[in-house]
2 protein chains.
Amino acid sequence: MATPKFAEIKQYILARIESGEWEEHSRVPSENQMAELFECSRMTARRALTELTDDGVLERSQGLGTFVAELKSQSSMMAIRNIADEIKDRGHGYSVKQLELTQTEATAPIAIALGLETGSPVFYSVLVHCEQGVPLQLEERFVNPKLVPDYLQQDFTLQTPHEYLSQVAPLTEARHTLEAVVANEHNQKHLEIEASEPCLQIIRRTWSRKGVVSYARLIHPGSRFRLGGHLTF
Amino acid sequence: MATPKFAEIKQYILARIESGEWEEHSRVPSENQMAELFECSRMTARRALTELTDDGVLERSQGLGTFVAELKSQSSMMAIRNIADEIKDRGHGYSVKQLELTQTEATAPIAIALGLETGSPVFYSVLVHCEQGVPLQLEERFVNPKLVPDYLQQDFTLQTPHEYLSQVAPLTEARHTLEAVVANEHNQKHLEIEASEPCLQIIRRTWSRKGVVSYARLIHPGSRFRLGGHLTF
DNA sequence: TGTATTTACTTGTATATACAAGCTAGGATT
DNA sequence: AATCCTAGCTTGTATATACAAGTAAATACA
């Protein structure tokens with residue numbers, strides 16, 4: 001047998017979800033309907049649906065049906081949580097200062113990271129996220145204008161870039177790099193720290209189905225920030 | 001049906017693996033044998049074996065049989081890889097200096113982290129891991145003597161503590177905290193860095209089935225160390 | 001002796017069937 | 001009109017069966 005029938009059914013379903021034809025939370029055909037469609041037994045159709053459920057692609061509930069799950073809702077995507085939510089969850093005051101929101105030309109490393117040509121236009125934003133008025137994260141972000149054309153029209157004091165990007169280009173993957181660094185003078189001023197203070201820097205690249213969405217550098221004062229949880233590589 | 005039959009079979013298998021009765025890489029009964037043992041059909045026994053395989057507990061191969069997989073081999077356990085392997089994989093020279101290997105009394109925070117009484121004896125080791133002769137990680141580790149009684153008799157120039165601990169107390173979980181810090185003077189000397197150099201500090205607690213095995217503080221010079229990969233929380 | 005081949009086991013795929021259990025909507029009863 | 005409850009869908013569990021395909025050891029053959 002070239003490829004098993006249940007695998008074909010899985011591919012069929014995945015293709016429809018990735019193309020956007022079947023949207024998040026929408027209902028997918030029942031086991032019996034899939035069985036009829038593919039001219040197979042219910043158990044074979046069931047296997048496809050069950051395995052995709054195990055993979056987190058679908059969600060099922062007895063009596064109701066099978067539905068398309070949120071893309072990467074709680075898994076690796078939320079790896080590094082939205083800083084605004086994290087602060088609010090602690091019951092502390094959250095505020096943002098927007099320092100930049102412009103278009104600029106991609107330098108070589110940025111172009112490579114975003115999969116663009118060197119010198120091509122990219123959107124650029126710099127924000128400082130504060131907890132109780134104290135700077136906790138400096139977010140410097142380069143965004144692919146082809147995938148997010150309206151980035152510059154947003155008001156990031158109302159919604160963090162991460163939230164906005166999640167909406168317009170559902171994220172499918174993220175890669176991070178962690179480093180201890182000294183902030184440059186400019187950033188030291190914005191973070192209100194001394195030159196001697198070490199910072200935790202997170203480089204974050206995020207993907208959607210269509211390519212690299214953004215490249216972000218998140219800098220945190222070591223004295224105010226700690227990252228905890230499970231790490232998987 | 002109280003608990004489904006396939007779930008009972010899974011529990012039976014898991015219990016045998018966790019008790020150590022079925023060792024890593026050893027063969028487990030075939031589908032037909034399990035079916036006979038539990039007086040069920042092959043398909044039901046098969047389901048238990050298949051699901052445990054999906055969970056990474058078992059490994060199967062057609063024609064050969066089903067085997068107990070390595071405990072957490074590649075998953076969250078190897079989150080932060082063995083630094084010795086990482087250096088060797090880069091094709092660079094690896095060396096260690098052992099600075100401490102003694103018994104000491106648990107301070108309050110260490111006792112809490114290890115689940116012991118304050119002042120009770122704990123094993124303590126300090127190592128410096130070097131790449132091409134350059135210090136890359138200072139490993140300060142507190143070990144629960146109840147779970148690893150022979151820790152002080154080891155020679156950690158031959159085998160890293162992590163490797164040894166994995167052998168004597170198979171790890172089931174690990175939790176990490178990441179922070180950017182300034183090393184104290186003592187550690188600065190051992191890492192051969194300037195006072196101004198930021199360091200990436202990883203606090204790592206590891207569990208086995210019987211409790212907290214060890215509490216480690218891993219300090220890396222920011223200029224020489226970068227942590228990459230997927231982070232999940 | 002050395003090489004095929006068979007045999008017996010394993011897991012993998014697929015089907016037809018049965019009943020259990022959860023949910024919803026519409027119809028019967030009160 | 002409000003309530004119950006049944007009919008018809010859904011997924012969940014379980015079985016019996018069949019054949020495909022991979023592995024290894026025993027067997028037959030040259």
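Lettering of chains follows the sequences in order, A, B, ..., and the numbering in each one begins at 1. Just the heavy atoms: all of them, side chains too, but no hydrogens, waters or symmetry mates, feed the values below.
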* Is the shortest side-chain N/O distance from Ser41(B) to OP1 or OP2 of dA16(D) below 4.0 Å? -> no
Filtered N/O pairs between nucleotides 22-26 of chain C and protein, under 3.5 Å:
{"from": "dG22(C)", "atom 1": "O4'", "to": "Gln62(A)", "atom 2": "OE1", "distance (Å)": "3.3"}
{"from": "dG22(C)", "atom 1": "N2", "to": "Gly63(A)", "atom 2": "O", "distance (Å)": "3.2"}

* Asked: What is the distance, rounded to the nearest whole Å, between atom NZ of Lys10(B) and atom P of dG12(D)?
  -> 14 Å
* **Rounded distance in Å - CD (Glu36(A)) to P (dC9(D))** => 12 Å
* Within residues 44-54 of chain A: residues closer than 4.0 Å to DNA chain C (heavy atoms) -> Thr44(A), Arg47(A)
* **Phosphate OP1/OP2 of dG12(C): any Arg60(B) side-chain N/O under 4.0 Å** => yes
* Asked: Under the criterion side chain to side chain contact (heavy atoms under 4.5 Å, CB included), which of Ile17(A), Leu14(A), Thr50(A) is the partner of Leu58(A)?
  -> Ile17(A)
* Structure fact -> Regarding the side chain of Ser30(A), the nearest nucleotide among dT10(D), dT15(C), dA14(D) is dT10(D)
* **Residue pairs fulfilling salt bridge (charged side-chain N to carboxylate O under 4.0 Å, His left out) with at least one residue in residues 148-164 of chain A, sequence neighbours excluded** => none
* **Arg42(A) side chain, from C-beta outward: closest of dA14(C), dC19(C), dA14(D)** => dC19(C)
* Asked: Would you find more than 12 non-hydrogen atoms of other residues, nucleotides or ligands less than 6.0 Å from Glu39(A) atom CD?
  -> no
* How close or far is atom P of dT13(D) from atom CD of Glu8(B), stated in whole angstroms? -> 13 Å
* Check whether the ring centres of Phe6(B) and Phe38(B) lie less than 6.0 Å apart, and answer yes or no. => no
* Structure fact -> From CD of Glu39(A) across to P of dA14(C) the rounded distance in Å is 14 Å
* Spatial distance of atom CD (Glu117(B)) from atom CD1 (Ile112(B)) [nearest 0.5 Å] -> 10.5 Å
* Could you state the CD-P distance from Glu31(B) to dA14(D), rounded to the nearest angstrom? -> 16 Å
* To do: Please state how far atom CZ in Phe38(B) lies from atom P in dT15(D), giving the value in whole angstrom units.
  => 12 Å
* Plane angle bin for Tyr151(B) and Tyr164(B) - parallel if under 30°, tilted between 30 and 60°, otherwise perpendicular -> tilted
* Name of the residue among Lys88(B), Arg224(B), Arg90(B) meeting salt bridge (Lys or Arg N to Asp or Glu O under 4.0 Å) with Glu131(B) -> Arg90(B)
* **Closest-nucleotide ordering on DNA chain D, the 5'-leading residue of Pro29(A) and Ala7(B)** => Pro29(A)
* Taking NZ, NE, NH1 and NH2 as the nitrogens, is one of them in Glu31(B) or Arg60(B) under 4.0 Å from a carboxylate oxygen of the other? -> yes
* To do: Measure the distance from NZ on Lys5(B) to C1' on dT15(D) and round it to the nearest whole Å.
  => 10 Å
* Structure fact -> The residue, Met43(B) or Gln33(B), whose nearest nucleotide of DNA chain C is more 5′ is Gln33(B)
* Parallel, tilted or perpendicular: rings of Phe142(A) and Tyr215(A) (30°, 60°) -> tilted
* Structure fact -> When rounded to whole Å, the CE to C1' distance for the pair Met34(B) and dT15(D) reads 17 Å
